[in-house]
Amino acid sequence: MVVNAPSLANIDLLEFGEKVQELYEAGIRFFHIDIMDGHYVSNLCFPTTVVRSLRQRYPDVELEVHLMVSEPRSYISQLKEYGADRVAFHLDATSFSRRLLTEIKEAGMKAGVVINPSQPIGNLSPLQDYLDYVVFMSVEPGFAGQKFLPGSMERLRELARLRQDGGHGFDIIVDGGVNYDIAEDVVRSGADIIVTNIYMVFNQPEGIAGACQRFRETLGAVKRDSVL
Ligand code: DX5
Ligand code: ZN
């Protein structure tokens with residue numbers, strides 16, 4: 001079943017601990033953690049220490065770090081020490097993607113790359129043997145709460161086809177603007193993990209527990225299309 005991965009950047013910082021606990025009690029076992037450096041994107045988000053705090057309190061939650069930073073390599077050892085399970089960096093943040101993917105794996109974490117809306121899906125072909133997962137951006141990175149960009153569904157299917165044709169098993173995480181009008185299609189088109197947001201988990205009238213229940217009910221039985 002498709003995984004519900006709330007993006008913690010959507011939580012009001014003054015309510016952070018409380019909302020994270022609500023997510024946990026609602027059955028969430030996967031957190032999407034955005035780290036920004038103000039250079040790769042013109043915004044700041046969590047410091048790496050949030051990973052340490054989350055790991056200490058939630059030993060059984062998968063912590064996935066989305067690095068929106070210009071020097072991803074310099075974060076790897078600290079993220080490992082603090083307890084991250086997965087780390088992904090942007091394709092254009094390094095000229096040596098294979099080397100960095102290998103370093104992340106050698107550190108004992110799952111390794112991913114993030115592809116932006118303006119980058120050709122084919123850029124991932126040479127990396128397929130090195131990837132544990134791809135974070136597919138359906139918004140421009142940098143801010144939570146944006147709209148799913150037109151054309152993203154077709155690009156997602158292209159990515160899923162590339163995976164199928166290459167016979168690879170990397171996970172696809174869809175990040176940005178997914179809502180219930182399109183979520184079923186996102187799953188049919190190849191998503192394994194959906195980064196959830198103000199449209200699906202936060203700010204919902206039924207509260208976090210109800211919203212997580214709705215995610216399971218709505219998407220639990222949806223299967224990927226066999227012809228992509
Ligand atoms: C965007 C971030 C996303 C974001 C997703 O820069 O990578 O993780 O928080 O949330 P929405 O879907 O609200 O954009
Ligand atoms: Zn993200």
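Side chains included, hydrogens not; waters and symmetry mates left out as well; all remaining heavy atoms used. Residue numbers count from 1 along this sequence. What you are looking at is a predicted structure, and each value in this text was computed from that prediction instead of being measured.
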Between Phe170 and Tyr130, does the ring centroid distance fall short of 6.0 Å? no

Do Leu162 and Ser125 come within less than 4.5 Å of each other through their side chains, counting heavy atoms only? yes

Considering only heavy atoms from C-beta outward, does the side chain of Arg155 approach that of Ile115 to under 4.5 Å? yes

Side-chain (Asn43) to main-chain (Phe143) donor-acceptor, under 3.5 angstrom: no

Close side-chain approach of Phe30 and Leu23, heavy atoms under 4.5 Å: no

Under a 3.5 Å threshold, yes or no: a donor from one side chain and an acceptor from the other, between Arg216 and Gln213? yes

Closest heavy-atom pair and its distance - Pro72, Leu100: CG-CD2, 3.8 Å

Heavy-atom closest contact (Tyr40 atom, Val69 atom, distance): CB-C, 3.4 Å

Are any non-hydrogen side-chain atoms of Val187 and Ile194 less than 4.5 angstrom apart? yes

Under a 4.5 Å cut-off applied to non-hydrogen side-chain atoms, are Phe89 and Ile104 in contact? yes

Can you see which heavy atom on Met109 is nearest to which on Val87, and at what distance? SD-CG2, 3.7 Å

Mark yes or no for whether Asn197, through its side chain, and Met200, through its backbone, hold a donor-acceptor pair below 3.5 Å. yes

Please report the interatomic distance CG(Leu159) to OG(Ser152), rounded to the nearest 0.5 Å. 11.5 Å

Glu184/Lys223 ion pair, N-O < 4.0 Å: no

Test your reading of the model: is there a side-chain donor-acceptor pair from Arg163 to the backbone of Gly190, 3.5 Å cut-off? yes

Scan the side chains in residues 49-58 for donor-acceptor partners under 3.5 Å anywhere in the protein, sequence neighbours excluded, and list what turns up.
residue : atom : partner : partner atom : Å
Ser53   : OG   : Thr49   : O            : 3.2
Arg55   : NE   : Gly83   : O            : 3.0
Arg55   : NH1  : Tyr58   : O            : 2.9
Arg55   : NH1  : Pro59   : O            : 3.2
Arg55   : NH1  : Val61   : O            : 3.0
Arg55   : NH2  : Val61   : O            : 3.2
Arg55   : NH2  : Gly83   : O            : 3.0
Arg55   : NH2  : Asp85   : OD2          : 2.6
Tyr58   : OH   : Gln21   : OE1          : 2.6

Show me, pair by pair, the donor-acceptor contacts under 3.5 angstrom made by side chains of residues 171-182, not counting sequence neighbours?
residue : atom : partner : partner atom : Å
Asp171  : OD2  : Arg86   : NH1          : 3.2
Asp171  : OD2  : Arg86   : NH2          : 3.0
Asp175  : OD2  : His32   : NE2          : 3.2
Asp175  : OD2  : His66   : ND1          : 3.1
Asn179  : OD1  : Asp181  : N            : 2.8
Asn179  : OD1  : Ile182  : N            : 3.3
Tyr180  : OH   : Phe215  : N            : 3.2

Which distance, rounded to the nearest 0.5 Å, do you find between the OG of Ser7 and the CD1 of Ile198? 10.5 Å

Would Lys19 and Glu22 count as a salt bridge (Lys or Arg N to Asp or Glu O under 4.0 Å) if you check the C-alpha gap in whole Å, the side-chain angles of each, and the deciding distance to 0.1 Å? CA-CA 5 Å; Lys19 293 293 175 195; Glu22 273 187 59; 3.6 Å; yes

Is Val2 close to Asp192 at the side-chain level, that is, under 4.5 Å between some pair of heavy atoms? no

Run the salt-bridge test on Glu62 and Arg29 with the 4.0 Å N-O cut-off and return the result as yes or no. no

Is it the case that Thr196 and Asn4 place a side-chain donor and acceptor less than 3.5 Å from each other? yes

Taking the side chain as C-beta and beyond, is there a heavy-atom pair between Leu91 and Asn116 under 4.5 Å? no

Looking at Glu140, is its backbone amide N or carbonyl O close enough to the side chain of Gln146 to form a donor-acceptor pair, meaning the two atoms are under 3.5 Å apart? yes

Atom of Ser189, atom of Ala160 and distance for their closest heavy-atom approach: O-CB, 3.4 Å

Using the salt bridge (Lys or Arg N to Asp or Glu O under 4.0 Å) rule, take Arg99 and Glu103 through it: C-alpha gap first, then chi angles, then the decisive distance, then the call. CA-CA 6 Å; Arg99 187 188 295 164; Glu103 283 181 16; 5.3 Å; no

Please confirm whether the backbone N or O of Ala88 pairs with a side-chain atom of Tyr133, one donor and one acceptor, at under 3.5 Å? yes

I want to check something: taking the side chain as every heavy atom from C-beta on, are Phe136 and Ile121 in contact at a cut-off of under 4.5 Å? yes

Can you give me the closest heavy-atom contact between Ser226 and Gln164, atom names plus distance? O-NE2, 3.7 Å

How long is the span from the CG atom in Leu8 to the CD atom in Glu64, to the nearest 0.5 Å? 10.0 Å

Any sub-3.5 Å donor-acceptor pair from Glu158's side-chain atoms to Leu156's backbone N or O? no

Is a side-chain donor or acceptor of Arg98 paired with a backbone partner of Pro126 at a separation under 3.5 angstrom? yes

If you compare all heavy atoms of Asn10 against all heavy atoms of Gly145, which two are closest, and at what distance to 0.1 Å? OD1-N, 4.2 Å

Please determine if Asp225 and Arg157 form a salt bridge, counting it only when a charged side-chain N lies under 4.0 Å from a carboxylate O. yes

